[in-house]
Amino acid sequence: MMDDLNAQVWAVDALGALAHETRLSVFRTLVKAGPEGMIAGAIAHHHGVPPSTMSHHLATLERAGLVQSERESRQIHYRADFAGMRRLLTFLMQDCCQGAPEMCGDLLAKISCTADQPVSA
């Protein structure tokens with residue numbers, strides 16, 4: 001019971017971090033960047049956000065367990081925390097099928113890992 005509560009509290013924090021247009025966009029950018037990630041200044045420039053504002057957004061995502069940072073000399077390198085992303089997706093989907101896997105069977109077919117394909121809802 002306590003583990004379920006802790007998982008739910010964490011998921012609420014993670015979803016809250018993503019419940020902002022800029023942070024969601026930044027997270028998706030870092031997911032697309034892959035394990036290499038991006039330097040904070042490049043992320044800010046890419047999204048047209050002042051560096052100080054971007055630092056706030058990145059810190060929120062990092063506290064939520066969705067982004068990792070690493071200092072490289074005078075710059076901070078950010079990458080998506082893929083384990084955190086999997087944890088959130090697992091939490092959201094763990095009760096999906098209710099014993100009937102066909103309910104969610106086509107979910108993975110809707111996800112494409114190619115950079116050229118637009119994301120659809």
Side-chain angles (χ1 to χ4, degrees):
M1 176 77 176
M2 188 58 148
D3 287 337
D4 289 345
L5 181 59
N6 288 338
Q8 184 163 321
V9 168
W10 175 82
V12 168
D13 287 344
L15 290 168
L18 293 173
H20 185 281
E21 186 176 353
T22 299
R23 286 192 295 269
L24 179 59
S25 183
V26 166
F27 179 71
R28 293 187 70 193
T29 297
L30 290 172
V31 168
K32 288 177 189 174
E36 299 80 33
M38 296 175 71
I39 293 170
I43 300 168
H45 179 73
H46 179 78
H47 290 279
V49 175
S52 61
T53 302
M54 184 54 67
S55 291
H56 168 74
H57 290 309
L58 289 164
T60 299
L61 290 167
E62 188 169 19
R63 280 190 306 273
L66 297 170
V67 167
Q68 297 175 332
S69 68
E70 182 179 347
R71 181 166 291 283
E72 295 176 358
S73 184
R74 297 184 64 184
Q75 300 177 324
I76 301 177
H77 203 98
Y78 288 90
R79 44 188 70 74
D81 185 331
F82 289 98
M85 181 176 73
R86 281 191 302 275
R87 180 179 177 200
L88 180 58
L89 292 173
T90 300
F91 174 83
L92 292 172
M93 300 301 297
Q94 70 187 0
D95 299 322
C96 169
C97 300
Q98 301 174 0
E102 63 276 4
M103 289 176 64
C104 302
D106 68 341
L107 179 63
L108 290 178
K110 294 184 180 280
I111 299 171
S112 172
C113 291
T114 61
D116 299 335
Q117 201 166 22
V119 175
S120 60

Next item on the list: Show your reasoning for whether side-chain contact (heavy atoms from CB on, under 4.5 Å) applies to L30 and L66.
Entry: CA-CA 10 Å; L30 290 172; L66 297 170; over 6 Å; no

Next item on the list: Specify the closest pair of heavy atoms between F82 and V31, including all atoms of both residues, with the distance to one decimal.
Entry: CZ-O, 3.8 Å

Notebook entry, point to check: Out of curiosity, M38 CE to I76 CD1, how far, rounded to the nearest 0.5 Å?
Noted result: 14.5 Å

Next item on the list: Could you state whether L24 and V26 fall into the same hydrophobic cluster, counting links through intermediate Ile, Leu, Val, Met, Phe, Trp or Tyr residues with side-chain heavy atoms under 4.5 angstrom apart?
Entry: yes

Residues 8-18 side chain polar contacts: donor-acceptor under 3.5 Å, at least two apart:
residue: W10; atom: NE1; partner: A64; partner atom: O; Å: 3.1

Check: Under the salt bridge (Lys or Arg N to Asp or Glu O under 4.0 Å) rule, what pairs show up with a residue in residues 46-75, not counting sequence neighbours?
Finding: E70-R79

Checklist line | Criterion side-chain contact (heavy atoms from CB on, under 4.5 Å) on D81 and L88, from CA distance to verdict | finding: CA-CA 11 Å; D81 185 331; L88 180 58; over 6 Å; no

Item checked: Nearest non-hydrogen partners of M54 and A44, listed with the distance -> CB-CB, 3.8 Å

Notebook entry, point to check: Any ring-ring contact (aromatic ring centres under 6.0 Å, His included) pairs touching residues 15-66, not counting sequence neighbours?
Noted result: H20-H57

